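This report refers to the structure that appears directly beneath it.
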Amino acid sequence: MKKYDHKKIEKKHQQNWEKDGAYNTKEDKNKQKYYCLVEFPYASGEGLHVGHVRGYTALDIIARKKRMEGFNVLYPIGLDAFGLPTENYAIKTGINPKIIIRDIANTFRRQLKSLGFSFDWSREINTSDPEYYKWTQWIFLQFFKHGFAYKKKMPINWCVDCKIGLANEEVINGVCERCGGQVEKKEKEQWMLAITKYADRLYDDLDKTEFLEKIKVQQRNWIGRSSGVLISFALATTQIGADKKPQINADGKIVLITNVQEFRENVNIDSKLKIEGREFSIKELIKFKLDDGSFYLKLFLSGGYVLADDLNSNSFILVKEKDTNLKIEEDDITFENKKYSFSYKAHAIAEEVFGEEIFKKGESETFWDYTSGNNYLSLGIVDKNKKRLDFLGKTIKADKIEVTNLRESASNLRSSATFTKVNVFTTRPDTLFGATYLVLAPEHELIRKMLDDRSIENKKEVEKYISETAKKKDIDRMAENKIKTGVELKGIKAINPAYRQAGPLNKKEIPVFIADYVLDSYGTGAIMAVPAHDERDYAFASQINADNKTQMGADNKTSADRIEIIKVIESDQNLYTGYGKLINSGKFNGMESEKAMKEITKFVGGELKTIYSLRDWIFSRQRYWGEPIPLVFCNECKKRVGNSKFQIPNSKKIPNSKLQIQNQEFNKGELLNPGWVIDEKLPFELPDVKKYEPTDTGESPLASVKKWVNVKCPKCGADAKRETDTMPNWAGSSWYWLRYIDSKNDKEFASMDKLKYWTPVDWYNGGMEHTTLHLLYSRFWHKFLFDIGLVPTDEPYIKRTSHGMILGEGGEKMSKSKGNVINPDDIIEKFGADSFRLYEMFMGPFDQHTSWNTNGVVGMIRFIEKVYGLLEKLTNNESEDVDNFLNKTIKKVEEDIENMKFNTAISSMMVFVNFVYNKNKISKNNYKKFLKILSPFAPHVTEELWLETGEKESIHKTKWPEYDKIKEDKNLTIVVQVNGKIRDKFIIDSNLDESQIKDKALSSGIVLRWIGDKEIKKTIYVRGKLINIVTI
RNA sequence: GCCCGGGUGGUGGAACUGGUAUACACGCAAGACUUAAAAUUUUGUGGCCUAUGGCCAUGCGGGUUCGAUUCCCGCCCCGGGCACCA
């Protein structure tokens, strides 16, 4: 008998397949396509890992089987080459990353080929190849042009060790995902990709896919969609006492202003105005009190208008807010007639107010504004001597203004007061009446404003808290069982809209806090706190109360300042987060939560709102080894963009034109990011540098290559600078499956014809660690490319699976430091690729973690040797029982492969081989069929044996065997139970019917003994399997 | 805390839709071959007992059923995802 020599066999067939190009694929319209995709390896010096082998073998089995079933199969591979391991190695050794990558690619290629995977190597890609990343850059430019990329200064996660900005998702439990080092907050200008614009579709379209359910769940978790309600609370800078003035018109009738003074005193944040036929609501209301006791007003209205009180007449000025970013220079002046000092703001551009040209350049250039807002066109105009010239806007006679809901009197204000609105997000509007305080995130934009205009009394304390929060690392802010901290904004009160709407109830005003348990980046950055029905609010309120208690003596606190819990849902607990019947809720008492949510929302004019925990994608890294971002900064272009001629007013935007470029000279991205212009001469190549280390200032090493950085602007020819940040590692892998389809194309990233044939990917397998981020990012890119008409499908993958991790022999994760890493090369050398492949498929359920056991590979080589040995036992006679057994085995293997149950597929083939061994013979015909079903698992040895049987063509080009409808075995084993316990079994002829089987069972001595003298109540017969005799 | 998985021999793990629990493989033990070892091969291998028979075992406790690893209720433990997410 010939000895099984895996080395000889495997090498021989690998060479043959390569020589024949056996697995190279071409489009073939006559054949149905099947696209198998595995995550390409991430370049690292360690080479192939046994974990790669698991996933690649599984899809190799699928690919090979699909080919045998007549599909035109694409199974490509490449290298994910940009990224930190390579860069770090370059920093350490000074070797050019290009050289490192070349070596790594060679290693991977050799290792993958030695496993006999049926990859189409002619399509191999490498993300760091300029021919590849040219298209990564090109796709980025499409994002940019369509306004999906924007530069934003924001606190980013900064890894102290890696000296790199991390995306939120790269920070795991507050530490760097890669190095485990400390993460700090740092302000940095970053390119962002607007993935949140796709949040809904990324969420909903999961239903169209056949991803494993747990993968869908992970994707949904990450997007974190939650539906709730926006409710606006009024904020007032000055406390309005309980001894309120009577309402003027509580039932909300429209009145004309006839008495300006009355209007000034009684207008409130909920009032509605009608001016020249147009309705406005009030966003912010400022009351100024003058020395003589009179008031004047400034109202920020909906639609971007400002209504300003003209002190000297019975009229108001209506102007339009400016919605662009104006350059503002600050100065202080004293307004001569009055003793008040106003903040003075000069605006550089002042051409468009109501579409009129208001003043001529050079004459009276500046505007003044007595608010602190940044983005408002001022109300007045002064000349160079800072003397007031005129108001802008339209003068509206007071009696032309109709007002609804004039209610609250503010005549007892001790000083000027501001009323503004703050939106909170809640999923529990039914608990609104229980809102006993408001919490804003320390970073909330309103706070800065309120600090600036001095409406917060305890400014020092608040500022201290804000700066403490900023210093905190994420890990502290997330720490478990953290004691909640916060500071009350003294001088600010909120008015619960439920009570405001309901009329004069006791609890009108509630305190406002800042606390870091509220996150600025989620929802509106503000919450209504309902301690009676929310755990976090309860914890915070308890904390504040406890603090107050200790200060009671010193600070003269009274119990009135303590936060009171109002239960609005019937329960006997202080804290109850469930649903139920409402109490203490005015006219909603007795209503069920579910209904109350809708009704209360309606009552207070809440707005239904869906929010996400998904954030936009920080897309720049201050690193060398990545794709350069193909943008140039040009000051000349910035000026031209800044010129209003190039601005597109909101009103002139084409409806639903998100994806249309609206300006001939500047594209949407260039308008959005003034000064940044695209460079379409791609690839935008990575220059060679001397040092690969990021700088301490956080700039990429590219910034030091002056020759590279300084360029002429591709748009106007002026001096300009290149962007020196590079793309994150995720970029190249966000579209690679598309490049495989047409990897040599130098005109486009892939031709539409070919895309139409091959997309979507039918089956995509990869590691579990990529089922949130990579999957989401790549789906996002694909959807965007679909929207701009460059790919034919809106989802990239039909089916996505993930293989479980292979742990070391001790059950721990394989790592160099533990010394439990298994090198694939050693296993192939010792046992051969076929045994290795079989073992990895046999070791356990594909999607579960399992630990490596080298002894297990021995079992596989024994199995292969048995199959090899069968060659000696061939006969020409078919035997019926082997026939039947094989038939069942084919069916089982076929179904198991489709269901990724590779372990039981192999087990059933082992059972078959053991069966044949006992028979000691098998017909050549059956043997060949068996080789076919084994061939996807063990491609080399089956090829060898196939040729040994006298065949000339490769087994991998043959057809997958069909199985017959399951023939019933002639002889069946029937189990006899008495009262559900097995007592006997016998073999019967399959023709027997139930009563005959029953008779037979009742003739068994053992069975009769167990029945004894008890009466037989009934018998249950399961066809071909068992009969149960029930007595009792 | 919420949401997914999972818990079966010494080990990795089987068991379709409620119908013979422990397939297959590793390991272990004994035998054969061998001077010997390795390799190979044969047999055995869940536990317990009063052993040709019987009882108990699928994380724990209940329930439904003629019959439950499978379905229901209540717990415990392990792994993963999300997480002051309002």
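Computed from a prediction, not measured in an experiment: that's the story for all the values here.
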Compare side-chain N and O positions of [X] against OP1 and OP2 of [N] and report whether any pair is under 4.0 Å apart.
X       : N     : answer
A:R615  : B:C85 : no
A:N221  : B:C3  : no
A:K1018 : B:C66 : yes
A:S226  : B:A86 : yes
A:R1009 : B:G54 : yes
A:W1010 : B:G54 : yes
A:N903  : B:A14 : yes
A:K901  : B:A15 : yes
A:K216  : B:C3  : no

Which one, [options], comes nearest to the side chain of [X]?
X      : options             : answer
A:T904 : B:G12, B:A86, B:A14 : B:A14
A:D516 : B:A86, B:G6, B:C84  : B:C84
A:S613 : B:G67, B:U20, B:C85 : B:C85
A:Y522 : B:C85, B:C84, B:G13 : B:C85
A:K985 : B:A25, B:U20, B:G19 : B:U20
A:R536 : B:G19, B:C26, B:C84 : B:C84

Is the A:Y4 ring parallel, tilted or perpendicular to the A:H6 ring (thresholds 30°, 60°)? tilted

Touch check for [X], heavy atoms < 4.0 angstrom, all strands: base, sugar-phosphate only, or nothing?
X       : answer
A:N914  : sugar-phosphate
A:V1022 : base
A:Q977  : base
A:G523  : nothing
A:R862  : sugar-phosphate

Interatomic distance where [atom1] belongs to [X] and [atom2] belongs to [N] [whole Å]:
X       : N     : atom1 : atom2 : value
A:R983  : B:G67 : CZ    : P     : 13 Å
A:L519  : B:C82 : CG    : C1'   : 14 Å
A:E1015 : B:C66 : CD    : C1'   : 15 Å

Applying the Watson-Crick and G-U wobble criteria at under 3.5 Å, what pairs with [N]? Answer none if nothing qualifies.
N     : result
B:A39 : none
B:U65 : none
B:G74 : B:C60
B:C82 : B:G1
B:G27 : B:U45
B:C16 : none

Nearest heavy atom decides the nucleotide; on that basis, is A:I982 or A:P845 closer to the 5' end of RNA chain B? A:P845

I want to confirm an ordering. Mapping A:I611 and A:Y917 to their closest nucleotides on RNA chain B, which one lands closer to the 5' end?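 Result of the comparison: A:Y917.
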
Looking at A:F842 versus A:F863, is the centre-to-centre ring distance below 6.0 Å?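 No - the distance between ring centres of A:F842 and A:F863 does not fall below the 6.0 Å cut-off.
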
For A:Y612 together with A:Y203, are the ring centres under 6.0 Å from each other? no

Euclidean distance for [atom1], [N] against [M] (whole angstrom):
N     : M     : atom1 : answer
B:C72 : B:C4  : P     : 13 Å
B:G47 : B:U42 : C1'   : 26 Å
B:A15 : B:C24 : P     : 13 Å
B:G61 : B:C77 : P     : 16 Å
B:G79 : B:U70 : P     : 24 Å
B:G67 : B:U20 : C1'   : 12 Å

Tell me if the side-chain of A:N855 makes a donor-acceptor pair with the base of B:C26, cut-off 3.5 Å, by modelled atom types.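 It does not, because no donor-acceptor pair links the side chain of A:N855 to the base of B:C26 below 3.5 Å.
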
Mark yes when over 12 heavy atoms from residues, nucleotides or ligands other than A:E213 sit less than 6.0 Å from its CD; otherwise mark no.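 Yes.
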
Apply side-chain contact (heavy atoms from CB on, under 4.5 Å) to the pair A:V913 and A:F930, showing each step before the final yes or no. CA-CA 9 Å; A:V913 169; A:F930 175 75; 3.4 Å; yes

Any donor-acceptor N or O pair under 3.5 Å, side chains A:T771, A:Q218: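 Side chains of A:T771 and A:Q218: pair found under 3.5 Å.
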
